[in-house]
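These values consider heavy atoms only, across backbone and side chains, with no hydrogens, waters or symmetry-generated copies.
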Amino acid sequence: MDREDKIRQWIDAHEEELVRDIGELVKIPSVSRPEQEQSDDVVEAAHSMIKIAAQYGFHTENCDNRCVKILYGDGESEVQVWGHLDVVPAGEGWIYPPWECTRKGDFLIGRGVSDNKGAVITVLYCLRYMKEHNIKPCFRISQICGLSEETGMADAAYYLTKWPAPDFGFVSDCRFPLCYGEKGRCVVILERDSVPEGIIDMSAGEASNSVPAEAVIRIDRSIDMGDMEEEALRLGVIIRREVSGSTVSYTINGTPGHAAAPDRCVNPIGLAGRLLKRGTGLKEEEKHILEFLQKACLDGYGKELGIAAGDPVFEDLTCAGTVLEMKGRTVCLTMDIRYQPSVNAGEMVEQLRKAAECYGFMVTAEEHRDGYCGSIDSEEVKALLAAYDHVVKDGKKPYVMGGNTYAGMIPNTVCFGPGIPKDYSELGLPAGHGGGHGCDEIQSVSSLKKAMEVYIHAFMNLNDLYKMRSGKRKNPES
């Protein structure tokens with residue numbers, strides 16, 4: 001039996017254990033929140049990962065409840081593999097239980113199976129394979145599992161203040177073959193502190209990087225919906241109307257998903273603005289606010305705000321309204337904007353400020369993270385790509401994306417992971433279900449097994465590379 005067959009045979013033999021260990025993580029609702037950096041559930045996920053790794057004989061470290069580190073091998077050089085154990089909130093509209101790992105044929109369903117708990121366990125199993133087969137790399141491998149990736153990556157920033165950056169690293173939180181560039185991200189909070197008394201409440205979303213499943217607008221009277229319902233039907237949208245005393249709640253459903261992918265989402269905040277402003281009986285100032293929600297949130301690319309931008313490499317800027325809430329008579333709208341490295345972030349926010357002020361909204365907070373465009377010419381990157389091409393043989397090329405990962409913070413690091421399967425139509429899920437940050441998040445078992453095979457070959461390729469470099473250092477004349 002050759003090496004390839006041995007690898008596949010071992011992976012097949014450990015499939016059920018792989019799924020079991022993923023399920024151990026998925027059942028923990030490890031939602032990280034900006035105001036609660038180290039929630040009990042996130043810490044529990046860290047301890048669970050340590051327990052899983054320890055049972056396979058790995059040395060582990062808890063990095064101050066910011067990250068978990070799993071160590072294998074030794075040597076002068078360090079290769080880090082980054083993933084994360086925290087997840088976005090489940091949200092509404094799931095068909096399957098979000099905090100269980102449900103298996104349907106080849107697919108796993110549950111919050112975190114793809115982003116990023118499934119890939120984290122897959123990397124661990126790659127290390128387990130090498131350990132059990134006495135494959136000892138000439139470098140140190142540190143698998144690092146962060147605990148606040150979804151809320152700004154303070155975990156990685158903290159890690160770099162206490163521990164060194166890698167000689168080379170990759171992030172498992174993306175799709176193959178390899179990502180070498182990411183858009184910048186700007187999270188902006190817009191506030192208006194003079195909401196008309198007739199609007200009782202407005203709410204949508206929980207996470208700044210996810211388009212919500214629904215938006216709720218509550219007003220102090222019933223309005224004549226006129227042709228609103230007809231338009232909703234044309235758009236395939238359902239408006240639920242609930243009366244409680246003199247208060248009427250209107251719930252508008254959208255298609256949830258990742259804020260960086262407006263082409264796969266329908267934003268219910270923008271829909272609420274578009275549909276409800278057509279109602280007869282609304283005051284002009286109420287319509288004014290709803291009109292802004294439509295302009296800010298519906299198209300997904302910032303066109304109505306005057307910030308749309310294109311780029312030959314990174315394509316279009318994206319702009320998503322993700323969280324809507326009222327505090328007293330102040331309404332707050334969180335915007336997630338993914339912009340190309342060529343865009344001047346300051347000028348972009350200034351234009352957004354001008355557009356918002358026309359509707360009485362002010363920019364009250366903003367956070368920036370610049371994008372990057374790396375190189376695919378390094379020997380380490382070529383080693384990863386060679387492993388992928390050897391195993392998969394599909395001819396796909398490296399790419400850039402709008403999602404943000406640890407690769408934008410960790411030096412000498414690229415993205416290299418199983419991502420989310422594109423075709424899961426056999427599950428019959430509704431539109432918007434199955435994807436990253438959406439309802440009924442899915443992952444393919446066969447994709448994870450293939451990723452494990454790719455990772456094993458990638459580490460072997462890196463080992464050959466570092467051995468060659470070490471030999472050159474020892475024999476400078478050779």
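Between the CD atom in E380 and the CG atom in L385 there is a gap of 12.0 Å [rounded to 0.5 Å]. M335 CE to L324 CG: the interatomic distance, rounded to the nearest 0.5 Å, is 11.0 Å. To the nearest 0.5 Å, atom CG of residue L276 and atom CD of residue Q294 are 11.0 Å apart. Distance check: N267 CG to C297 SG gives 5.0 Å after rounding to the nearest 0.5 Å. Atom CD1 of I121 is separated from atom SG of C145 by 8.0 Å, given to the nearest 0.5 angstrom. Atom-to-atom distance recorded for I269:CD1 and I252:CD1 is 11.0 Å, nearest 0.5 angstrom.
At distances below 3.5 Å, not a single donor-acceptor pair connects side-chain atoms of E304 with backbone N or O atoms of L298. For R192 (side chain) and Y359 (main-chain N/O), a donor-acceptor pair under 3.5 Å exists by modelled atom type. Side-chain atoms of R103 come within 3.5 Å of backbone N or O of G105 as a donor-acceptor pair. A donor-acceptor contact shorter than 3.5 Å is absent between the side chain of N253 and the backbone of V237. In this structure a side-chain-to-backbone donor-acceptor pair under 3.5 Å is missing from T413 to A407. Under the 3.5 Å distance criterion, the side-chain polar atoms of R140 are left unmatched by any main-chain donor or acceptor of Q80. Remark: side-chain polar atoms of R338 are paired, donor with acceptor, to backbone N or O of G402 under 3.5 angstrom. Listed for the K117 side chain is a donor-acceptor partner under 3.5 Å among the backbone atoms of L25.
In summary, the side chains of D370 and Y339 do present a donor paired with an acceptor at a separation below 3.5 Å, with no hydrogens or angles considered. Donor-acceptor pairing under 3.5 Å is lacking for the side chains of T405 and D173. A side-chain donor from one of D86 and S32 sits under 3.5 Å from a side-chain acceptor of the other. Of the N and O atoms on the side chains of S114 and E441, at least one donor lies less than 3.5 Å from an acceptor on the other residue. H84 and D155 share no donor-acceptor pair across their side chains, judged by distance under 3.5 Å alone. Side chain to side chain, S142 and E78 meet the donor-acceptor criterion of an N or O pair below 3.5 Å. S30 and E44 are not linked by any side-chain donor-acceptor pair at a separation below 3.5 angstrom, with hydrogens and angles left out of the test. Between E149 and N116, the side chains place no donor N or O within less than 3.5 Å of an acceptor N or O (distance only, hydrogens not considered). If you check the side chains of N209 and H258, you find no donor sitting under 3.5 Å from an acceptor. Residues S39 and D41 bring no donor and acceptor atom of their side chains to less than 3.5 Å of each other.
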Legend entry - Verdict with supporting geometry, K69 and F58, side chain to side chain contact (heavy atoms under 4.5 Å, CB included): CA-CA 10 Å; K69 185 189 291 189; F58 289 102; over 6 Å; no
Legend entry - Trace of the side chain to side chain contact (heavy atoms under 4.5 Å, CB included) decision for Y424 with S444: CA-CA 9 Å; Y424 42 89; S444 160; over 6 Å; no
Inset, instruction - Test D106 against S446 for side-chain hydrogen bond (donor to acceptor under 3.5 Å, both in side chains), laying out the working first. - result: CA-CA 7 Å; D106 184 46; S446 58; 2.7 Å; yes
Inset, instruction - Determine, stepwise, if the pair E182 / R369 fulfils salt bridge (Lys or Arg N to Asp or Glu O under 4.0 Å). - result: CA-CA 10 Å; E182 299 175 1; R369 171 182 161 171; 3.3 Å; yes
Inset, instruction - Take Y158 and C67 through the test side chain to side chain contact (heavy atoms under 4.5 Å, CB included) and record every step on the way to the result. - result: CA-CA 9 Å; Y158 179 83; C67 305; over 6 Å; no
Inset, instruction - Please lay out, stage by stage, how S342 and D311 fare under the test side-chain hydrogen bond (donor to acceptor under 3.5 Å, both in side chains). - result: CA-CA 8 Å; S342 58; D311 184 279; 3.0 Å; yes
Inset, instruction - Evaluate the criterion side chain to side chain contact (heavy atoms under 4.5 Å, CB included) for residue pair E16 and R20; output intermediate values, then yes/no. - result: CA-CA 6 Å; E16 293 305 315; R20 178 201 65 201; over 6 Å; no
Legend entry - side-chain hydrogen bond (donor to acceptor under 3.5 Å, both in side chains) evaluation trace for E366 with H368: CA-CA 7 Å; E366 60 179 284; H368 291 270; 2.5 Å; yes
Inset, instruction - Test D336 against R185 for salt bridge (Lys or Arg N to Asp or Glu O under 4.0 Å), laying out the working first. - result: CA-CA 7 Å; D336 182 306; R185 184 185 183 211; 2.8 Å; yes
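Checking each of L317, V313, V400 against Q340 for a side-chain contact (heavy atoms from CB on, under 4.5 Å) leaves exactly one that passes, namely L317.
Annotation: side chain of M401 is in contact with side chain of C174 (closest heavy-atom distance under 4.5 Å). A heavy-atom distance below 4.5 Å is not found between the side chains of C63 and V68. Residues R66 and Y159 are not in side-chain contact: their nearest non-hydrogen atoms beyond the backbone lie 4.5 Å or more apart. For the pair E150/V31, no side-chain contact is recorded, criterion being any heavy-atom separation below 4.5 Å from C-beta on. Between Y180 and C415 there is no side-chain heavy-atom pair separated by less than 4.5 Å. The shortest side-chain heavy-atom distance between V391 and K450 falls under the 4.5 Å cut-off. Contact check for R218 versus V216: side-chain heavy atoms found under the 4.5 Å cut-off. Within the 4.5 Å cutoff, the side chain of P256 has heavy atoms near those of the C439 side chain.
Annotation for I238: atom CD1 does not count as buried by contact number, only 12 or fewer foreign heavy atoms lying within 6.0 Å. By the neighbour-count criterion of 12 heavy atoms within 6.0 Å, atom CD of E61 is densely surrounded, having more than that number from other residues, nucleotides or ligands. Open room surrounds CD on E367; 12 or fewer heavy atoms of other groups in view lie less than 6.0 Å from it.
A salt bridge links E350 to R353: at least one charged side-chain nitrogen sits closer than 4.0 Å to a carboxylate oxygen. Between E100 and K27 there is no salt bridge, since no side-chain N of the basic residue sits under 4.0 Å from a carboxylate O of the acidic one. Between K162 and D64 there is no salt bridge, since no side-chain nitrogen of the basic residue lies less than 4.0 Å from a carboxylate oxygen of the acidic one. Taking 4.0 Å as the cut-off between side-chain N and carboxylate O, E17 and R128 count as a salt-bridged pair. For K295 and E291, the salt-bridge test passes: some basic side-chain N is under 4.0 Å from an acidic carboxylate O.
In terms of heavy-atom proximity, C126 sits nearest to F459 at SG-CD1, 3.6 Å. When all heavy atoms of V26 and C101 are compared, the pair lying nearest together is CG1-N, 4.0 Å. P268 and G254 get closest at one heavy-atom pair: CB-N, 3.7 Å.
Centroid-to-centroid, the aromatic rings of F170 and Y406 stay 6.0 Å apart or farther. A centroid separation of 6.0 Å or more is found between the aromatic rings of W82 and F416. Less than 6.0 angstrom separates the ring centroid of Y56 from the ring centroid of Y125.
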